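Just so we're clear, the structure is a prediction, and the values are computed from it rather than from any experiment. Just so you know, ligand 1 is whichever comes first in the structure, and atom 1 is the first atom listed for that ligand. Below, each value reflects all heavy atoms present in this structure, side chains not excepted, and no hydrogens, waters or symmetry copies.
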Amino acid sequence: MRTQVGIVGGGPAGLLLARLLGLAGIEAIVLERRTPEYLRARIRAGLLEQGTVDLLNEIGVGARLNRERLIHDGVELAFDGQRRRIDLKALSGKSVTIYGQAEIQNDLMDAHEAAGTPIVYEAEDVSLHGLTGETPHLRYRKGGKQHDITCDFIAGCDGFHGVSREAIPPDVLRVYEKVYPFGWLGILSETPPVNHELIYNNHERGFALCTMRSLTRSRYYLQVSAEEDAAHWSDDRFWTELKGRLPPDVAAGLVTGPSIEKSVAPLRSFVAEPMRHGRLFLAGDAAHIVPPTGAKGLNLAAADVRFLAEALVAHYKTGNAQLLDGYSARCLARVWKAQRFSWWMTSLTHRFPDASPFERRAQAAELAYITSSKAGQTTLAENYVGLPFA
Ligand code: APR
Ligand code: PHB
C-alpha cells in the first residue's frame with residue numbers, strides 16, 4: 001500500500017489533520033488502535049477557543065457545534081469565600097465555547113465516514129520505519145495479517161502513550177516534564193449547572209471546578225491526591241466535598257444527582273522537542289500534555305494540525321519546504337505559551353501539599369491582585385480565550 005501522509009492515531013489531532021488534507025486533495029490513511037465505539041464514548045474536556053471553533057467550521061464539521069454550543073463571555077475565580085468574575089469578552093474581545101470534546105470526536109468521525117476517508121480501526125502493533133530516508137513506512141497488524149504502507153510523510157497523532165514519539169532516537173529528543181502532586185476527580189451528571197459560567201475555586205480543602213456540557217448536564221472536578229481511586233468516592237461523598245469547597249451562595253444553589261461517569265486523571269506538564277524528525281511530524285498530545293486547568297489540550301492539538309496541514313499543502317502545491325522546516329519551531333512557540341499559562345493557572349488555583357506558609361500567602365495575594373487589577377484580569381483573559389495564531 002502507498003499513501004501521501006500516513007497518520008498514526010484517530011483522536012482529534014489525527015482526524016482534524018486527515019480532514020484538512022482530504023479537503024486539499026492530499027491522500028491520507030489513519031491507523032487507530034481502538035474501536036470506533038470506544039473513541040465515540042471517551043469523555044474529555046469541554047472548552048474550545050474561538051480559533052478551534054473557526055477551524056471546525058472551515059472544515060465543514062461545525063453544524064452541530066454551532067447549534068448546541070454555549071458561548072461564555074466570562075469566567076469566575078472564587079477564593080476566601082468571595083467570587084470574582086473575569087469579563088473575557090470586554091477584556092480580550094473574545095468569548096469561549098462550551099462543547100464536549102467527545103462531541104467533536106463524533107462530528108469528525110461522522111464527516112470522515114461520509115467522505116470515505118480510509119481509517120483502519122483496531123490496527124495492532126503499529127510501528128514506524130525509515131523516518132530519515134525518502135520513503136518512510138508504517139507497519140501494522142490487523143485480523144492476524146501484517147500490512148505495510150509506504151508514505152511521503154508520517155504524522156504522529158497518537159497521543160501521550162503512542163509509539164510515534166518513541167520512534168525518535170533518544171539522543172535527538174529532549175523532554176521537559178512536570179508532574180503535579182495531585183489529580184482531578186471528575187463527575188458528569190444530568191443536573192443543571194450551578195452557575196451559567198465556569199467557577200475555578202481555590203479552597204483550603206483543595207481546588208474545585210464547576211463546569212458543564214449543556215444547560216442540563218454538569219461536569220464538576222475536585223483536586224484529589226494523584227493516587228486516589230474513584231471507586232472510593234460515592235456520589236454522596238463527592239457532592240458533600242464539592243459543597244464544602246464552594247462559596248456558600250454557590251453551594252446553596254448546587255443541584256445534585258446520580259453521576260453518569262466518575263474518574264481520576266493525573267496532572268502533568270510535558271513537552272517533547274523537536275516535533276519533527278526526518279519525515280515524521282508529531283502533533284497534539286503525542287508531543288505535549290498540559291494540566292487541564294484552562295483546557296488547552298485539544299486547542300493546542302488543533303493549532304499544531306492547522307500548521308502541519310498548511311505546511312504539507314505548501315509542499316505538495318508548490319514544492320516549498322519552508323513551512324515543513326519551520327513546523328516544530330512554530331508549534332513550540334505556541335505550545336510553550338500555553339504550557340506556561342496552564343502551569344500558572346494550576347499554581348494559582350490549587351492547594352499544593354508542600355507549600356510553605358510564605359508560598360500560601362503569596363498565592364492568596366496573587367489571586368487578589370489578578371482579580372482586582374485590570375492588567376491582571378487582562379493577562380488571564382487573553383490567555384484563557386487563546387493567543388492569536390502566529
Ligand atoms: N497505534 C495506533 N493508534 C494509537 C496508538 C498506537 N500505538 N497509540 C495511541 N493511539 C491512538 C489512541 O487510541 C487515540 O485515539 O491515538 C489517539 C490519540 O488521541 P488523543 O489521545 O485524543 O490525542 P490527540 O488527538 O492529540 O488529542 C489532543 O484532545 O480530546 C483532547 O484531551 C484530549 O488533550 C487531548 C487532545
Ligand atoms: C471541562 O468542561 O471539562 C473543562 C473546562 C475547563 C477546564 C477544564 C475542563 O479548565
Side-chain angles (χ1 to χ4, degrees), residues 6-18 29-36 38-49 52 70 72 75 96-106 108-109 119-128 138-142 154-167 184 186-188 193 197-200 207-214 217-221 261 263 265 267-268 270 275 282-305 308 338 341-342 345-346 349 384:
I7 301 176
V8 186
L15 295 189
L16 280 169
L17 180 64
I29 298 180
V30 180
L31 301 182
E32 164 57 53
R33 103 176 136 176
R34 303 283 193 174
T35 63
Y38 176 91
L39 297 180
R40 284 182 181 277
R42 193 158 53 180
I43 292 179
R44 294 294 182 79
L47 190 103
L48 305 179
E49 297 174 0
T52 306
L70 302 176
H72 287 185
V75 61
V96 291
T97 284
I98 289 289
Y99 185 71
Q101 295 178 1
E103 306 311 321
I104 294 177
Q105 177 81 31
N106 279 285
L108 285 165
M109 288 175 69
I119 303 181
V120 181
Y121 293 103
E122 298 176 85
E124 295 163 47
D125 297 334
V126 174
S127 58
L128 293 74
L138 288 170
R139 285 198 196 123
Y140 69 99
R141 258 187 327 110
K142 165 114 190 178
I154 295 177
C157 302
D158 48 350
F160 185 63
H161 301 286
V163 289
S164 299
R165 189 178 63 249
E166 308 294 316
W184 277 17
I187 70 163
L188 198 60
E197 290 171 347
L198 273 55
I199 310 178
Y200 291 79
F207 168 79
L209 173 61
C210 308
T211 175
M212 65 195 74
R213 290 291 170 276
S214 71
R217 186 175 273 208
S218 302
R219 178 100 170 131
Y220 296 102
Y221 297 100
E261 194 259 358
S263 58
L267 265 70
R268 185 195 299 268
F270 176 92
M275 287 172 61
L282 300 179
D285 280 14
H288 42 74
I289 294 283
V290 286
T293 332
K296 292 293 174 212
L298 183 128
N299 295 296
L300 270 185
D304 289 352
V305 159
L308 182 53
F341 174 68
S342 304
M345 268 289 273
T346 305
T349 53
Y384 195 82

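- The V163 neighbourhood of ligand 1 comprises atoms 7 (N), with distances under 4.0 Å to a heavy atom of that residue.
- When side chains are defined from C-beta on, R44 does not count as touching L298, because their heavy atoms never get closer than 4.5 Å.
- R217 places no side-chain N or O within donor-acceptor distance of the main-chain N or O of L188, the cut-off being under 3.5 Å.
- At a threshold of 4.5 Å between non-hydrogen side-chain atoms, the residues I43 and R219 count as touching.
- Atom-to-atom distance recorded for L198:CG and I98:CD1 is 5.0 Å, nearest 0.5 angstrom.
- Within the listing of ligand 2, atoms 5 (C), 6 (C) sit less than 4.0 angstrom from a heavy atom of L198.
- Shortest contact from atom 6 (C) of ligand 2 to any protein heavy atom: Y200 OH, 3.4 Å.
- Taking every non-hydrogen atom of L31 and a distance limit under 4.0 Å, the qualifying atoms of ligand 1 come out as 2 (C), 3 (N).
- Under the 30°/60° scheme for interplanar angles, the aromatic rings of W184 and Y221 are found to be tilted.
- Per-residue contacts place G162 under 4.0 angstrom from the following atoms of ligand 1 (heavy atoms of the residue considered): 8 (N).
- If you check which protein heavy atom lies closest to atom 1 (C) of ligand 2, you get G46 N, 3.3 Å.
- Using a 4.0 Å cutoff on heavy atoms, A45 does not count as a contact of ligand 1.
- Applying the salt bridge (charged side-chain N to carboxylate O under 4.0 Å, His left out) criterion to E49, with sequence neighbours excluded, gives K296, R334.
- The side chain to side chain contact (heavy atoms under 4.5 Å, CB included) test applied to D158 returns V8, V163, S164, A286, not counting sequence neighbours.
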Practice item. May I have the step-by-step check of salt bridge (charged side-chain N to carboxylate O under 4.0 Å, His left out) for R42 and E261, ending in yes or no? Key: CA-CA 11 Å; R42 193 158 53 180; E261 194 259 358; over 6 Å; no

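- In terms of polar-atom proximity, E32 is counted as a contact of ligand 1, with an N or O under 3.5 Å from an N or O of the ligand.
- Annotation for ligand 1: atoms under 4.0 Å from non-hydrogen atoms of G284 are 26 (O).
- Atoms of ligand 1 lying under 4.0 Å from any heavy atom of L298, numbered from 1 in the order shown and given with element: 29 (O), 30 (O), 31 (C), 34 (O), 36 (C).
- Counting only non-hydrogen atoms, the option in P292, A102, S218 that gets closest to atom 8 (C) of ligand 2 is P292.
- A heavy-atom separation below 4.0 Å is found between W184 and ligand 2.
- With contacts defined as side-chain heavy-atom distances shorter than 4.5 Å, the pair L17/V30 does not qualify.
- Side-chain contact check for I7 versus L31: every heavy-atom pair is 4.5 Å or farther apart.
- Annotation: side chain of L209 is in contact with side chain of Y200 (closest heavy-atom distance under 4.5 Å).
- The shortest contact between atom 35 (C) of ligand 1 and any protein heavy atom is with D285 OD2, 3.1 Å.
- At a 3.5 angstrom cut-off on N or O pairs, G14 does not count as close to ligand 1.
- At a heavy-atom distance under 4.0 Å, only side-chain atoms of A301, from C-beta outward, approach ligand 1.
- Of the candidates V290, D158, L16, I7, the one placing a heavy atom closest to atom 9 (C) of ligand 1 is D158.
- Close approach of ligand 1 to G11 is summarised as follows: ligand atoms under 4.0 Å from at least one heavy atom of the residue are 15 (O), 17 (C), 19 (O), 25 (O).
- For ligand 2, the atoms sitting less than 4.0 Å from at least one non-hydrogen atom of G294 are 10 (O), numbered in the order shown with element in parentheses.
- Those atoms of ligand 2 that come under 4.0 Å of a heavy atom in R213, given as number and element, are 1 (C), 2 (O), 3 (O).
- Under 4.0 Å from ligand 2, not a single heavy atom of I98 appears.
- Under a 3.5 Å cut-off, the side chain of Q105 and the backbone N or O of G10 do form a donor-acceptor pair.
- Of the protein's heavy atoms, P12 CD, 3.6 Å lies nearest to atom 27 (O) of ligand 1.
- Nearest to atom 9 (C) of ligand 2 among the protein's heavy atoms is Y221 CE1, 3.7 Å.
- Within the 3.5 Å criterion, the main-chain N or O of R40 finds a donor-acceptor partner in the side chain of N106.
- Looking only at side-chain heavy atoms (C-beta outward), E103 and R213 stay at 4.5 Å or farther from each other.
- Considering only non-hydrogen atoms, atom 21 (O) of ligand 1 lies nearest to R44 out of R33, H161, R44, R34.
- For ligand 1, the atoms sitting less than 4.0 Å from at least one non-hydrogen atom of G159 are 18 (C), 21 (O), 23 (O), numbered in the order shown with element in parentheses.
- Considering backbone and side-chain N/O atoms, R42 comes within less than 3.5 Å of an N/O atom of ligand 1.
- Within the 4.0 Å heavy-atom cutoff, C157 counts among the residues contacting ligand 1.
- The proximity of L39 to ligand 1, defined as any non-hydrogen pair under 4.0 Å, is limited to the side chain.
- Residue A13 places at least one N or O, backbone or side chain, under 3.5 Å from an N or O of ligand 1.
- Which parts of ligand 1 touch Q101 is read off a 4.0 Å heavy-atom cut-off, strictly below it: atoms 30 (O), 31 (C), 32 (O).
- A distance of 12.0 Å separates CD of E122 from CZ of R33, quoted to the nearest 0.5 Å.
- Of all non-hydrogen atoms in A13 and A301, the two that sit nearest each other are CB-CB, 4.2 Å.
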